[in-house]
Structure formats: structure tokens, C-alpha cells
Amino acid sequence: MNNSKQMSARARIEALLDDNSFVEIGALVSARNTDFNMMKTEAPSDGVITGYGTVDDSLVYVYSQDSAVLGGSVGEMHAKKIAKIYELALKVGAPVVGMIDCSGMRLQEATDALDAFGELYRVQTMASGVIPQLTAVFGMCGGGAALIPAMTDFTLMSADGRLFVNTPNALEGNYVEKCDTAKASYQAESGLVDVLADDDAQVIVKLRQLLTMLPLNNEDSAVYDVSEDDLNRENTALDGVLDTAYILQDIADDHMFYELKPMYAKEMVTGFLKLNGQTVGAVANRSEFLDENGEVSAREDALLSTAGARKAAQFVKFCDAFNIPVLTLVNVEGYKATKHEERTIAKACASLTCAFADATVPKVTVIVGKAYGSAYLAMNSRHIGADLVYAYPKAQIGMMDAKGAASIIYADELKEAKDAQALLEEKTAAYEALQTSPVSAAKRGYVDSIIEPAATRKRVIAAFEMLYTKREDRPVKKHGTI
């Protein structure tokens, strides 16, 4: 899959790490297999360059597969080199970045290659939740190799990359021209790829940005930078905005919001931002998309879907594992209702509810629009453990919209009324004041404060600073099963 536009394996490492910081490990390692005349085949570094260096002066371990050597295929010694990097990273508590350009399993090594893949899967499992794992797919990543990025925390991919378990032509009734399931955009839309970049150089830029957002390990208390952005900065234009990606970008330090999986489950936003220098994970319902001119260019129903719930749950679990506070922006009316969704949505939303309820990191929620029914409960509500809950003045919180509730409660009266529409409007206003307004929720203790949209930045910054020393225990157990 290499072409002239692609960077070499070593060039990728040098571009990722700080200047002159790379230290190579295992440069002289070579394959031990002698079958199929392998002893006559030159295999420098056995097709993978491994070592460590720094990104913004923070330690990072890295490996980069070289497709110019045996197609970057994974054999026994190739895998042992990567496993060695993981072992060191676990000992010192530093992230691992894998740069993938691999033709898959090295067929000449057969069972030794199978053992190699198994070893990689094992060390990745041991590292999960202990150190951040990032992979970047630059070229080919097929077959069993596709599990490598799937087992890491975040996957970035160049537009020219190929990622698949089964090739498109191996799928019954399909061929590559009909539906290229290995294409980078297809995998981004399917949710496996977190960040899709135009080329290798942009992948490197995105990798560096993401690494600066993340802690070194699960014992890092917080990720802080010095921020010169005004803590009290306000924007009155936020009033009425339901594009939560726009809100998050607006309130972030220097307006920098790092969105993840933007092409997958677009009605749910996940990503990282800095608030007064502290990294915060964000989860948000999204029902509007603003263009460059601030005009609404597209809309989504304010509903929880299976894909959206899974996307958010996975992200919340990562944040909790690495002690990253979570900010949730809520605008949800209910669940997506289709025959296909009905197969999976209950389990997916249960996983989301569990992820929020089980998380012990600081959790702040802002209700920016509607918050109805059990879908609202799942979105980090006070009822499942949010530490602080704010609501915008125009927010609506309750079992369902006021008009629908009033039409059910007063159904008999409406049938007999001379002016049913006027009565419905009267009852709707009464129900809204009693049940769905943010004031009524605040009176019951379900909302801590009603805030103006313009003040969102300073209020959530203050909330997270207050919650910085939060400690919360959970029952002793091996792990949950939801």
C-alpha cells in the first residue's frame, strides 16, 4: 500500500517525536525462521522500528512497521519487539503509539506468527486502562492485524489507508467497486476509526495533539497546561444554540475542541477540551450542525441511538480509567424508534447508564435543551450520579414534552371542551410550570443552578476546580458485567 506520498517508517517516528529525542531499541533483531529460504531474505529490524522518545517533553513509546521489509508482516521477532516496548511502557507508565503498515501475518512462520499475534493481543489487554494506547494506520492493516487498532484506545487513519478483517471481495454479494469496506472513510463511519486524516503528515499532527490531551498513565492525577485564555469569557451567541460541538469549541481554552469519531453516530459528540488548562472529556447530544457562517446546515433528531450510546459509553469508560473529568451537555427527547434499533438499543443504553453511574471522576452536566424520560436519565443525570447539574433557562426537563403530557392527562376534558385548542394550551402551560421547567427541577434538587448560556465556560470551570479533589468509592469487585 506504500506510495510516494507516504512517509517511511522511520520518518513517521521522527515527525511524531520531539527533535532528536528518539532512542531505538532492538535495531539488530532479525527473524529466526529458516524455512522457505528465509535465511537468504534481508529483514532489517524484522520489519518494525521500536523505541522511545518525547512528545512535548513527555515520554512516549513507539513502534512503526516498515512495509518495505517483508510487507511489514508480523512474525515472531517482530511481535517480540513490540511486546518489549509494551513491557517497558507498563513499567514506567507511559503511552504507546503504534504506527501500522502491515500486510498481516507472516505466512512463512506459520504457528510462530500465530503465537506472535497472540502475544500482541495479550500485552494490549494487560495495558488497557493502565496506559493510553494509540494506533495510526498509514497503509495496510488487514486480517488479524485489524484487531490491533481495535484493541487500542484511539485509532487514527490516513485517507489512503486500508483497514479490514475480510477484504471487500471476500464478502458475499460484495466487491470493492460496489462497497469498499476497507476504505478509511467506511471504517470512520462504522466507528472503528476515531480520527480520519487527509494524509500521513496530518495523522502525525493529530497524534501529537491527542497525546498532549492525555495523561501518561492511570495514576496521573490530571493533565494540566498553563492557560492564558480568559476564565470569565462569555458569548451571548450561545443562547438557543443546539450544536453542542460548537458550544464545546466555544467554551474550550483557545477554542480548541478535539472531536473523536465525528463521522460515526453524529447525534452524539465525544472529545477532549481544555478548561483552564485541565483536560476534560465531553459527551453531548447534538441535534443541529452549524456551518462556517453560524447558520444551521443540518439537523438530527434529539434521540439516543444504539450507536450513539455505544460511542459515549466507550468514551466515558476511558475517561474514568484515566481520571479525566467528564462534562455532559444534554438535549435528548427519547430513544430512536426503528425495528433495527429495537434489537440493540436497550443493551446499548444500559451500558451508557452504567458507564456514567460507575464513573468516579468529577462529572458535571449542563442541560442545554430537552431532557425527557429515561433517555435523559442515561445522560449523566443527577439521578445516576452527576456531581453538579446546571440547566439553561429554556431547558425542558421531565417525563415528556408538556403538550404531549397535557393531552394525555386531560384527554377527557379536551374531548368535552368547546375550545379544545385553547384548553390544551392552558393545560400545557400549567404542566410546563409544574413539571418540565428548569425551575421546577431545581426546586426538587435535580438541578443545582440555572445558568445563562453565555456563562457556561466560567461556570463549568469553577465546578471542575471545586471537584478537583473528589474521592468516591465503589463496592469491591473484580469488574462489572453490564
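Heavy-atom basis, side chains included; hydrogens, waters and symmetry copies ignored. Note that this is a predicted model, so its numbers are computed, not measured.
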**Student:** Looking only at atom types and distance, does a side-chain atom of D153 sit under 3.5 Å from a main-chain N or O of Q133, one as donor and one as acceptor?
**Tutor:**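 Yes, the answer is positive, given that a donor and an acceptor are paired below the 3.5 Å cut-off.
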
**Student:** Would you say CD of Q209 has more than 12 non-hydrogen atoms from neighbouring residues, nucleotides or ligands within 6.0 angstrom?
**Tutor:**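 Counting neighbours around CD of Q209, more than 12 heavy atoms of other residues, nucleotides or ligands fall under 6.0 Å, so yes.
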
**Student:** Carefully, step by step, assess S190 and Y264 under the rule side-chain contact (heavy atoms from CB on, under 4.5 Å).
**Tutor:** CA-CA 6 Å; S190 302; Y264 173 66; 5.7 Å; no

**Student:** Atom NZ of residue position K274 - does it have more than 12 heavy atoms of other residues, nucleotides or ligands inside 6.0 Å?
**Tutor:**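 Counting other residues, nucleotides and ligands, NZ of K274 exceeds 12 neighbours.
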
**Student:** With side-chain contact (heavy atoms from CB on, under 4.5 Å) as the criterion, how do L216 and S58 come out once you've worked through the C-alpha distance, each side chain's angles and the decisive distance to 0.1 Å?
**Tutor:** CA-CA 8 Å; L216 294 177; S58 293; 3.9 Å; yes

**Student:** Are more than 12 heavy atoms from other residues, nucleotides or ligands located less than 6.0 Å from atom CG of L171?
**Tutor:**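 More than 12 within 6.0 Å, yes.
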
**Student:** Side chains of N276 and E465: do they bring a donor and an acceptor to under 3.5 Å?
**Tutor:**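 The answer is yes; a qualifying pair exists.
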
**Student:** Carefully, step by step, assess V368 and V330 under the rule side-chain contact (heavy atoms from CB on, under 4.5 Å).
**Tutor:** CA-CA 6 Å; V368 302; V330 179; 6.0 Å; no

**Student:** Y258 side chain to K206 main-chain N or O, any donor-acceptor pair under 3.5 Å?
**Tutor:**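 Indeed, once roles are kept as given, a pair shorter than 3.5 Å links the two residues.
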
**Student:** Compare all side-chain heavy atoms of P215 with those of I324 and state whether any distance is below 4.5 angstrom.
**Tutor:**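 With C-beta onward as the side chain, the pair touches.
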
**Student:** So, the side chain of R444 versus the backbone of S440: is there a donor-acceptor pair under 3.5 Å, distance only?
**Tutor:**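 Yes, because the side chain of R444 sits within donor-acceptor range (under 3.5 Å) of the backbone of S440.
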
**Student:** Are a donor atom and an acceptor atom from the side chains of Q396 and Y372 found within less than 3.5 Å of each other?
**Tutor:**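 Side chains of Q396 and Y372: pair found under 3.5 Å.
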
**Student:** Sort out for me which residue in K363, R382, K470 forms a salt bridge (charged side-chain N to carboxylate O under 4.0 Å, His left out) with D387.
**Tutor:**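 When K363, R382, K470 are each tested with D387, the salt bridge (charged side-chain N to carboxylate O under 4.0 Å, His left out) holds only for K470.
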
**Student:** For the pair K266 (side chain) and P262 (backbone), establish whether a donor and an acceptor sit closer than 3.5 Å, ignoring hydrogens and angles.
**Tutor:**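 Pair absent, no side-chain N/O of K266 close to backbone of P262.
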
**Student:** Please confirm whether the backbone N or O of T360 pairs with a side-chain atom of D320, one donor and one acceptor, at under 3.5 Å?
**Tutor:**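 Here the side-chain-to-backbone pair exists.
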
**Student:** Main chain of T365, side chain of T328: is a donor-acceptor contact present, judged purely on distance under 3.5 Å?
**Tutor:**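 A pair under 3.5 Å: no.
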
**Student:** Do R459 and Y390 meet the cation-pi criteria used here (NZ or CZ under 6.0 Å from the six-membered ring centre, within 45° of the axis)?
**Tutor:**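 That pair qualifies as a cation-pi contact.
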
**Student:** Could you tell me which non-hydrogen atom of A284 sits nearest to which non-hydrogen atom of L248, and how far apart they are?
**Tutor:**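 In terms of heavy atoms, the two residues are closest at CB-CD1, 4.3 Å.
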
**Student:** Would you check if there is a donor-acceptor pair between the side chains of S287 and N331 at a distance under 3.5 Å?
**Tutor:**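 Yes - a donor-acceptor pair under 3.5 Å links their side chains.
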
**Student:** Keeping to residues at least two apart or across chains, list the side chain to side chain donor-acceptor pair (under 3.5 Å) pairs with something in residues 245-257.
**Tutor:**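 Residue pairs passing side chain to side chain donor-acceptor pair (under 3.5 Å), neighbours aside: S227-D253, N235-D250, D253-R457.
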
**Student:** Would you tell me whether T270 and K261 have side-chain atoms, one donor and one acceptor, within less than 3.5 Å of each other?
**Tutor:**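 Judged by distance alone, the side chains do not pair up.
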
**Student:** Side-chain contact, heavy-atom cut-off 4.5 Å: M379 with L352?
**Tutor:**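 Side chain of M379 against side chain of L352, heavy atoms only: contact under 4.5 Å found.
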
**Student:** So, D180 and R162, do they make that salt bridge, N to O below 4.0 Å?
**Tutor:**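 Here D180 pairs with R162 in a salt bridge, since their nearest N and O are under 4.0 Å apart.
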
**Student:** Regarding S305 and E341, is there a side-chain donor-to-acceptor distance under 3.5 Å anywhere?
**Tutor:**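 No, because no side-chain N or O of S305 sits under 3.5 Å from a partner of the opposite role on E341.
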
**Student:** Evaluate the criterion side-chain contact (heavy atoms from CB on, under 4.5 Å) for residue pair I367 and Y376; output intermediate values, then yes/no.
**Tutor:** CA-CA 9 Å; I367 301 172; Y376 142 65; 4.1 Å; yes

**Student:** Look at atom CD of Q314 and say whether more than 12 heavy atoms of other residues, nucleotides or ligands are closer to it than 6.0 Å.
**Tutor:**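 At most 12 heavy atoms, drawn from other residues, nucleotides or ligands, come within 6.0 Å of this atom.
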
**Student:** Is the F464-Y468 ring centre distance short of 6.0 angstrom?
**Tutor:**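 For F464 and Y468, the ring centres are not under 6.0 Å apart.
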
**Student:** Under 4.0 Å between a Lys/Arg side-chain N and an Asp/Glu carboxylate O for E267 and R286?
**Tutor:**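 No.
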
**Student:** Between Q187 (side chain only) and T181 (backbone N and O only), is there a donor and an acceptor less than 3.5 Å apart?
**Tutor:**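 At least one qualifying donor-acceptor pair exists.
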
**Student:** Can a side-chain donor-acceptor contact be found between S297 and D291 if the only test is distance below 3.5 angstrom?
**Tutor:**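 No.
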
**Student:** Can you classify the ring geometry of F272 versus F154 as parallel (below 30°), tilted (30 to 60°) or perpendicular (above 60°)?
**Tutor:**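 Judged by the thresholds at 30° and 60°, the geometry between F272 and F154 is perpendicular.
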
**Student:** Closer than 3.5 angstrom, by distance alone: can the side chain of D101 be matched with the main-chain N or O of M140 as a donor-acceptor pair?
**Tutor:**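 Pair found, side chain donor or acceptor close to backbone of M140.
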
**Student:** Does the N218 side chain pair with the main chain of F322, one donor and one acceptor, at a distance under 3.5 Å?
**Tutor:**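 Not at all, since once roles are kept as given, no pair shorter than 3.5 Å links the two residues.
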
**Student:** More than 12 foreign heavy atoms under 6.0 Å from CZ of R343: is that the case here?
**Tutor:**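 Result for CZ/R343: open.
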
**Student:** Could you check whether any side-chain N or O of D230 sits under 3.5 Å from a backbone N or O of N232, counting only pairs where one atom can act as donor and the other as acceptor?
**Tutor:**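 Yes, because the side chain of D230 sits within donor-acceptor range (under 3.5 Å) of the backbone of N232.
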
**Student:** Does E219 have more than 12 heavy atoms from other residues, nucleotides or ligands lying within 6.0 Å of its CD?
**Tutor:**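 12 or below, so no.
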
